[in-house]
2 protein chains.
Amino acid sequence: MAPTRQRTPTEIALIGRHTQQRSVVLAAFIRADGFVGAQALHAQLAADGTPVGLSTVYRTLTRLAGAGRADLVRDTGGERLFRYRPGPDHRHYLICTECGLSHPVDSAPIEDWADGIAQDSGFANVRHTVELTGVCPDCGGGQAATERQ
Amino acid sequence: MAPTRQRTPTEIALIGRHTQQRSVVLAAFIRADGFVGAQALHAQLAADGTPVGLSTVYRTLTRLAGAGRADLVRDTGGERLFRYRPGPDHRHYLICTECGLSHPVDSAPIEDWADGIAQDSGFANVRHTVELTGVCPDCGGGQAATERQ
DNA sequence: CATTGATCTGAAAATCATTCCCATCTAGCG
DNA sequence: CGCTAGATGGGAATGATTTTCAGATCAATG
Ligand SMILES: [Zn+2]
Ligand SMILES: [Zn+2]
Ligand SMILES: [Zn+2]
Ligand SMILES: [Zn+2]
């Protein structure tokens with residue numbers, strides 16, 4: 001194997017000590033470029049010839065999410081899917097339930113709305129989760145029906 | 001025990017055959033008046049002296065959700081929480097993370113926004129999940145900080 | 001460099017919600 | 001009253017995530 005020089009991504013500083021495994025996990029996570037599950041990432045790492053323990057993958061992703069560098073959703077099966085978030089920005093996605101394609105949406109109206117609710121309600125520390133799911137044009141055969149959960 | 005005549009809630013017709021267990025589960029579910037997990041409902045039923053199998057509780061709640069008579073969210077631990085929905089209406093709540101108090105919010109702006117996204121994106125069958133959580137005035141001691149997930 | 005205490009890793013075991021299996025009931029219909 | 005598709009329940013199975021903990025690594029220090 002060629003001696004791959006590891007960079008030291010600044011993200012790692014956010015989540016503790018710098019290690020080989022974290023470098024590799026982070027790199028693969030970024031490369032994934034979309035929502036990935038811990039298990040899938042673990043499998044990918046093994047396939048790439050840089051195996052890392054499943055626990056370590058979980059720990060790394062969980063910490064990244066905690067540090068605000070990863071978005072987190074749950075698929076319908078209850079599995080957690082992570083998505084790398086380069087900056088501190090906050091956004092929402094429309095995700096295809098068939099192929100996983102994720103598509104950022106303009107969420108300014110939501111942010112304003114949520115901020116307004118927070119103000120009016122008297123609740124403290126108001127957070128929101130907004131998920132949009134659907135079937136993308138490539139996957140959906142036909143007519144566009146819009147339903148509400 | 002007094003012979004409790006069972007009504008036949010119309011909801012049950014939506015999800016199949018009418019049984020004692022379904023009556024009892026549905027009654028407890030409605031009485032719960034807020035988000036409940038299947039396990040909690042199962043425990044409640046046992047405490048009420050009308051034990052029902054856990055599988056049956058799961059089946060009943062799942063079917064109600066399928067029939068559109070229950071809202072469904074996941075708590076941070078991955079557990080599914082159900083909430084009885086009397087009519088076909090659709091709404092969103094601001095839920096206190098401390099005491100569980102849920103507070104309906106005006107979601108018209110969200111609905112419009114989501115509908116707009118659905119239109120523009122070309123995605124079919126677009127659904128949305130919107131959850132607001134915070135600490136209600138009774139539970140929160142002090143100043144109101146608003147964070148974004 | 002060598003030392004050393006704090007951290008990290010990973011394989012296996014433990015958790016825990018949810019689903020599956022299947023022998024046994026029962027609602028609903030004639 | 002029978003009959004049968006549908007329903008029940010308890011225990012086993014599943015599957016994602018977490019915990020455990022002994023040994024490996026890191027980074028700071030002398
Ligand atoms: Zn798609
Ligand atoms: Zn937002
Ligand atoms: Zn409260
Ligand atoms: Zn809505």
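Only a predicted model underlies this, so the values are computations on that prediction, with no experimental measurement involved. Proteins come first, then strands; the chains are lettered A, B, ... in the order of their sequence lines, and each starts at number 1.
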Practice item. Answer with base, sugar-phosphate or nothing: what part of the nucleic acid does A/Arg74 contact at a heavy-atom distance below 4.0 Å? Key: nothing
Review point. Between C/dT18 atom C1' and B/Leu61 atom CG, what is the distance in whole Å?
Key: 12 Å
**Study point:** A/Gln20 CD - D/dT25 P separation (whole Å)
**Key:** 10 Å
Check your understanding: Rounding to a whole Å, what distance do you find between A/Leu26:CG and C/dC8:C1'?
Key -> 16 Å
Check your understanding: Taking atom types as they are modelled, is there a donor-acceptor pair under 3.5 Å from the base of D/dA7 to the side chain of B/Thr56?
Key -> no
Point to revise | Any donor-acceptor N/O pair, B/Arg22 side chain to B/Val57 backbone, under 3.5 Å | key: no
Review point. Any donor-acceptor pair under 3.5 Å between the side chain of B/Ser55 and the base of D/dG10?
Key: yes
Review point. Does A/Gln21 make a side-chain N or O approach to OP1 or OP2 of C/dG10 shorter than 4.0 Å?
Key: yes
Point to revise | Spacing between A/Leu54 atom CG and D/dT20 atom C1', to the nearest angstrom | key: 15 Å
Exercise for review: With heavy atoms under 4.0 Å as the rule, sort A/Gly77 into base, sugar-phosphate or nothing.
Suggested key: nothing
Study note, to complete from the structure: In whole angstroms, the gap separating P of C/dT15 from CD of B/Gln39 amounts to 15 Å
Exercise for review: To the nearest Å, give me how far apart OH (A/Tyr58) and P (C/dA14) are.
Suggested key: 18 Å
Point to revise | Short side-chain N/O contact from B/Thr19 to OP1 or OP2 of D/dT8, under 4.0 Å | key: yes
Review point. Does one side chain, of B/Gln44 or B/Asp48, offer a donor that lies under 3.5 Å from an acceptor on the other?
Key: yes
Point to revise | N/O donor-acceptor pair, side chain A/Arg17 with base C/dC8, under 3.5 angstrom | key: no
Review point. Has the side chain of B/Arg59 got a donor or acceptor that lies under 3.5 Å from a partner of the other kind on the base of D/dG9?
Key: yes
Check your understanding: What does A/Gly16 touch in the nucleic acid at a heavy-atom separation under 4.0 angstrom: a base, only the sugar-phosphate, or nothing?
Key -> sugar-phosphate
Check your understanding: Starting at CG of B/Leu81 and ending at C1' of C/dA17, how long is that distance when rounded to a whole Å?
Key -> 11 Å
Practice item. Indicate yes or no for a side-chain donor-acceptor contact from B/Asp112 to the backbone of B/Ala114 under 3.5 Å, with no hydrogens or angles considered. Key: no
Exercise for review: Assess the side chains of B/Glu131 and B/Tyr93: does a donor N or O sit below 3.5 Å from an acceptor N or O?
Suggested key: no
Review point. Can the ring centroids of A/His103 and A/His92 be said to lie less than 6.0 angstrom from one another?
Key: no
Check your understanding: Nearest-Å distance, CD1 (A/Ile15) to P (C/dA6)?
Key -> 21 Å
